[in-house]
Number of protein chains: 2
Amino acid sequence: MCLVRGVQLTPIRQQVLVLIWDSHKAVKAYDLLDRIKPQQNAAKPATIYRALDFLIEQGLIHRAGSLNAFIGCSCSDHQHELLLLICKHCNEVEERATPDVMQALSQEFNQAGFTAHSKAIEAHGICGKCSDFHSIS
Amino acid sequence: MCLVRGVQLTPIRQQVLVLIWDSHKAVKAYDLLDRIKPQQNAAKPATIYRALDFLIEQGLIHRAGSLNAFIGCSCSDHQHELLLLICKHCNEVEERATPDVMQALSQEFNQAGFTAHSKAIEAHGICGKCSDFHSIS
DNA sequence: TCAATAAATGTTATATTATAACATTACATT
DNA sequence: AATGTAATGTTATAATATAACATTTATTGA
């Protein structure tokens, strides 16, 4: 994908991307910094934030504003405007493409005369797995 | 409203709320800290963050996660799950109640088996006023 | 090819945002 | 008055993020 776009997925950027995809939880920048140290001994905050900026620009990850954390984008090649379902219990983040919601949103933008460049929806609550577990036990 | 709920809108909390409502832009915590100093000489970060926590709990303000900033909630008495339209040009934030979007969202939660406790939608772009201005000039 | 340019990274420092932990005060209830 | 609770004061520090400038690496174009 990066090849096609003529941008470089350098080792640092790739390592950060892999670390983010290592779990389905939102990851903090400084956790990434700690975890990239074995491979990038000289890594500093700027190292991470630059990689994050790049990955966000390319639509490969999202910033979860409500958490000050980052999460891989599972639909990078098509639209990556999506809904993040953040579980308070297991901390996993589910991403969903939401055509209906997005269409309703677009209408709202039109009504408001607003030109949207980016949009983000974040919901906090309890995911299916965790509520199943609780109701069983 | 706070009376009805049996919670205290103390001077500090009220002053913070007023300061937030002083503009329709999202306000940073440390700006609030500076601006409350004339009235609350002893104010420290904790002073502000405690007031902000209270106001968020009561649904009187929102945290705009994508900005690390805070904005008054114009619909505190009914549902305060809403859409924030953040203008990159004038920095004003318009809030809109969005029944259609919220309904589509609820369906999405059902499908995902997700129990939502809170939801936030933030859009970045250019507001009507600013795009009018640009197209005229 | 090689100089010029641009892109990425290294490095140091610091700015910004937020919370922890414990002390004190204010006020209500018994 | 004693007790409890909510709010605030106070000090310190943690966590998140960027600025600014130097150096290295990749790309381009003569």
Side-chain angles (χ1 to χ4, degrees), chain A residues 2-20 25-58 60-71 86 91 120 122 124, chain B residues 2-20 25-58 60-71 86 91 120 122 124:
Chain A
C2 287
L3 267 179
V4 169
R5 294 185 192 165
V7 296
Q8 300 184 54
L9 187 64
T10 61
I12 290 181
R13 290 166 175 177
Q14 179 165 256
Q15 285 158 15
V16 170
L17 184 58
V18 167
L19 286 174
I20 289 177
K25 306 182 186 191
V27 193
K28 301 277 189 169
Y30 278 71
D31 288 343
L32 291 171
L33 181 53
D34 289 341
R35 288 164 52 201
I36 209 176
K37 283 276 173 68
Q39 306 162 75
Q40 295 292 337
N41 198 7
K44 302 274 185 314
T47 314
I48 297 298
Y49 281 105
R50 283 167 181 159
L52 291 171
D53 286 347
F54 170 85
L55 295 171
I56 289 171
E57 237 169 55
Q58 298 303 319
L60 294 166
I61 64 170
H62 294 284
R63 176 170 184 274
S66 54
L67 302 171
N68 293 335
F70 304 86
I71 182 86
I86 302 163
N91 290 123
E122 294 175 30
H124 289 253
Chain B
C2 286
L3 267 180
V4 170
R5 294 184 194 168
V7 296
Q8 300 183 54
L9 188 63
T10 61
I12 289 180
R13 289 167 177 177
Q14 179 165 258
Q15 286 159 15
V16 170
L17 184 58
V18 167
L19 286 174
I20 288 177
K25 305 182 184 187
V27 193
K28 299 277 188 171
Y30 278 71
D31 289 344
L32 290 171
L33 182 53
D34 289 341
R35 289 163 52 198
I36 210 176
K37 283 277 172 68
Q39 307 163 73
Q40 297 290 339
N41 198 5
K44 302 274 185 313
T47 314
I48 298 297
Y49 281 105
R50 282 166 180 161
L52 291 171
D53 286 346
F54 170 85
L55 295 170
I56 290 171
E57 238 169 53
Q58 298 303 318
L60 293 165
I61 65 171
H62 294 283
R63 176 169 184 275
S66 55
L67 302 170
N68 292 335
F70 303 86
I71 183 85
I86 302 162
N91 289 123
E122 294 174 31
H124 289 254

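Residue numbers start from 1 in every chain, and the chains themselves are labelled A, B, ... in the order their sequence lines are given, proteins ahead of strands. Remember, it's a predicted structure, so these values are computed and weren't measured experimentally.
Residue Val16(A) forms a side chain to side chain contact (heavy atoms under 4.5 Å, CB included) with just one option from Leu33(A), Leu55(A), Leu60(A), and that option is Leu55(A).
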Report, one pair per line, the protein and nucleotides 20-27 of chain C atoms (nitrogen or oxygen only) whose separation is under 3.5 Å.
{"unit_1": "dA21(C)", "atom_1": "N6", "unit_2": "Arg50(B)", "atom_2": "NH2", "d": "3.3"}

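Listed by residue number, there are no residues of residues 31-44 of chain A with a heavy-atom contact under 4.0 Å to DNA chain D.
For the pair Asn68(B) CG and dT18(D) C1', the interatomic distance rounds to 13 Å; values are reported in whole Å. Distance Arg63(B) CZ to dT16(C) C1': 13 Å, rounded to the nearest Å. In this structure, the CG atom of Leu67(A) is 13 Å from the C1' atom of dT16(D), given to the nearest Å. Atom OH of Tyr49(B) and atom C1' of dT16(D) are 11 Å apart (whole Å). Asp53(B) places its CG atom 15 Å from the C1' atom of dA6(D), with the value rounded to the nearest Å. Rounded to whole Å, the distance from CD on Gln15(B) to P on dA7(D) is 16 Å. The NZ-P distance, from Lys28(A) to dT17(C), rounds to 15 Å in whole Å. Counting to the nearest Å, the P atom of dA7(C) and the CZ atom of Phe54(A) are 13 Å from each other.
Atom CZ of Arg35(A) sits about 5.0 Å away from atom CG of Leu19(A), to the nearest 0.5 Å. In this structure, CG on Leu17(A) lies 11.5 Å from CZ on Arg13(A), to the nearest 0.5 angstrom. For the atom pair CG (Leu32(B)) and CD1 (Ile48(B)), the distance works out to 5.5 Å, reported to the nearest 0.5 Å. Interatomic distance, CD of Glu122(B) versus CG of Leu67(B), reported as 6.5 Å (0.5 Å rounding).
One axis for each end of the helix from dT1(C)-dA30(D) to dT30(C)-dA1(D), each built from five base pairs, and the angle between them comes to 30° at 10° resolution.
Considering only side-chain N and O atoms, Tyr30(A) lies nowhere under 4.0 angstrom from the phosphate OP1 or OP2 of dA15(D).
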